[in-house]
Amino acid sequence: MFSEKIRQLTLLLEKQELEAPSGIVSIQLYSELFAAYLYQNDLASARFLWKRLPPSLKKSNAELEQMYKVYVSLWNNDTTGFYKAINHDWSKHVSELMFELKEKIQQETISLIGRAYSSIFENVFAEMTNQTPDMIVDTCRSLNWEIIEGPQPRLIIPKRAVEEKPIVVSSEDQLQKLTDFVSFLEN
């Protein structure tokens, strides 16, 4: 699974950072580690990484600054700011991580909307998920959500996913049934 792969990558990068000779660590290592922390939603570790970065690296590397903007948006739970910050031309060593982060946040937001909203306007949905009207229609179709046709913005009616819960029988109920059964057999 991708998240397990990222966890392993994080451990490897942290080890490389600690074992770096004379504390000299490459910008690539810092940016990969920062991106991995963001993907894992480990915002505390991302913050501490940012704090220990040499100031010269922070100022000279536009990609690290952009990642910091992504971090700030996640920290402040600012989805609009997050999508603005993540839509960036990332270098090839972090582009997959940042793409997966964007997809993950988008799917989590759609899932949250499905659980928390009984209805939502299309423009609000678009802002929260960074989707175009065509993408919204496809998403709603795939989830069996209803879109009320009419003037813009249209109303979306999410349907809650049916969660199967296991049947739980208390110990007292089981003991009572067993007692009744034994009693029946004895008589």
Side-chain angles (χ1 to χ4, degrees), residues 1-117 120 124-132 135-136 138-139 142-143 158 160-161 163-166:
M1 192 166 177
F2 190 75
S3 54
E4 179 59 28
K5 180 181 162 187
I6 299 304
R7 194 180 70 72
Q8 294 296 327
L9 175 68
T10 304
L11 293 173
L12 177 70
L13 292 171
E14 287 173 340
K15 183 178 178 185
Q16 287 177 1
E17 180 188 12
L18 289 173
E19 294 174 351
S22 304
I24 300 171
V25 181
S26 70
I27 292 176
Q28 180 177 341
L29 187 138
Y30 279 134
S31 59
E32 284 182 47
L33 187 56
F34 202 15
Y37 285 148
L38 292 176
Y39 179 82
Q40 295 175 55
N41 200 30
D42 189 356
L43 300 181
S45 293
R47 179 180 175 89
F48 290 129
L49 175 64
W50 182 256
K51 294 261 186 202
R52 70 178 177 264
L53 280 171
S56 59
L57 285 180
K58 291 179 192 178
K59 301 239 187 279
S60 67
N61 191 292
E63 188 168 75
L64 281 173
E65 286 185 42
Q66 193 65 25
M67 278 188 195
Y68 183 72
K69 290 177 184 176
V70 171
Y71 157 76
V72 169
S73 299
L74 288 171
W75 184 267
N76 293 325
N77 206 13
D78 174 16
T79 54
T80 306
F82 168 78
Y83 288 117
K84 285 179 186 173
I86 199 130
N87 288 331
H88 178 74
D89 188 22
W90 301 103
S91 61
K92 73 176 188 177
H93 61 276
V94 295
S95 62
E96 181 185 3
L97 265 173
M98 299 309 277
F99 173 78
E100 291 295 332
L101 172 63
K102 180 180 175 182
E103 292 292 310
K104 178 181 156 193
I105 296 294
Q106 195 172 53
Q107 289 306 314
E108 287 174 354
T109 303
I110 290 170
S111 177
L112 178 65
I113 289 169
R115 288 190 317 273
Y117 285 76
I120 185 170
V124 176
F125 186 86
E127 185 178 317
M128 290 175 74
T129 60
N130 195 42
Q131 290 188 339
T132 64
M135 293 167 70
I136 291 172
D138 291 342
T139 300
S142 70
L143 296 170
R160 283 202 168 143
E163 296 177 24
E164 292 186 26
K165 294 183 180 178

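On a predicted model such as this, the values are computed, not experimentally measured, just so you know.
Note that the CG atom of D138 and the CG atom of L143 stand 11.0 Å from one another [nearest 0.5 Å]. One finds the CG atom of L9 at 6.5 Å from the CG atom of L97 (value rounded to the nearest 0.5 Å). Atom CD of E32 and atom OG of S26 lie 7.5 Å apart (nearest 0.5 Å). One finds the CG atom of L101 at 11.0 Å from the CD atom of Q40 (value rounded to the nearest 0.5 Å). For the atom pair N41 CG and K104 NZ, the distance stands at 5.5 Å (nearest 0.5 Å). Here the OG1-CD1 distance, from T79 to I86, works out to 12.5 Å after rounding to the nearest 0.5 Å.
Nearest heavy-atom pair across Q66 and A85 is NE2-O, 2.7 Å. Here the closest heavy-atom approach between residue T139 and residue I110 is recorded as CG2-CD1, 3.9 Å. Shortest non-hydrogen contact noted between L74 and F82 is CD2-CD1, 3.8 Å. Shown here for L38 and M67, the closest heavy-atom pair between the two residues is CD1-O, 3.9 Å.
Inter-residue side-chain proximity for T109 and I113 is flagged as met; some heavy-atom pair is nearer than 4.5 Å. Side-chain contact between V70 and F34 is absent, with no heavy atoms from C-beta onward closer than 4.5 Å. Using a 4.5 Å heavy-atom threshold, the side chains of N130 and N87 count as touching. Residues K58 and Y30 are not in side-chain contact: their nearest non-hydrogen atoms beyond the backbone lie 4.5 Å or more apart. Side-chain contact between Y83 and I105 is present, with at least one heavy-atom pair separated by less than 4.5 Å. E17 places a side-chain heavy atom less than 4.5 Å from the side chain of L49.
Contacts of R47 classified as side chain to side chain donor-acceptor pair (under 3.5 Å), with partners at least two apart in sequence or in another chain: none. Partners of E19 under the side chain to side chain donor-acceptor pair (under 3.5 Å) rule, at least two apart in sequence or in another chain, do not exist in this structure. Partners of E127 by side chain to side chain donor-acceptor pair (under 3.5 Å), not counting sequence neighbours, listed by chain and number: T80. Remark: N61 pairs with no residue by the side chain to side chain donor-acceptor pair (under 3.5 Å) rule, at least two apart or across chains.
Within the structure, no pair that satisfies the salt bridge (charged side-chain N to carboxylate O under 4.0 Å, His left out) test touches residues 91-103, not counting sequence neighbours. Applying the salt bridge (charged side-chain N to carboxylate O under 4.0 Å, His left out) test to every pair with at least one member in residues 63-85, sequence neighbours left out, gives no pairs at all.
A 6.0 Å sphere centred on CG of N76 holds more than 12 heavy atoms belonging to other residues, nucleotides or ligands.
Close placement of the F2 and Y39 rings is indicated, their centers lying within 6.0 Å of each other. Ring centroids of Y71 and Y68 are separated by less than 6.0 Å, placing the two rings close together.
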Determine, step by step, whether S111 and R115 satisfy the side chain to side chain donor-acceptor pair (under 3.5 Å) criterion, reporting the C-alpha distance in whole Å, the side-chain angles of both residues, the deciding distance to 0.1 Å, and the verdict.
-> CA-CA 6 Å; S111 177; R115 288 190 317 273; 2.7 Å; yes
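Exactly one residue among F48, Y37, W75 makes a side chain to side chain contact (heavy atoms under 4.5 Å, CB included) with L43. That residue is W75.
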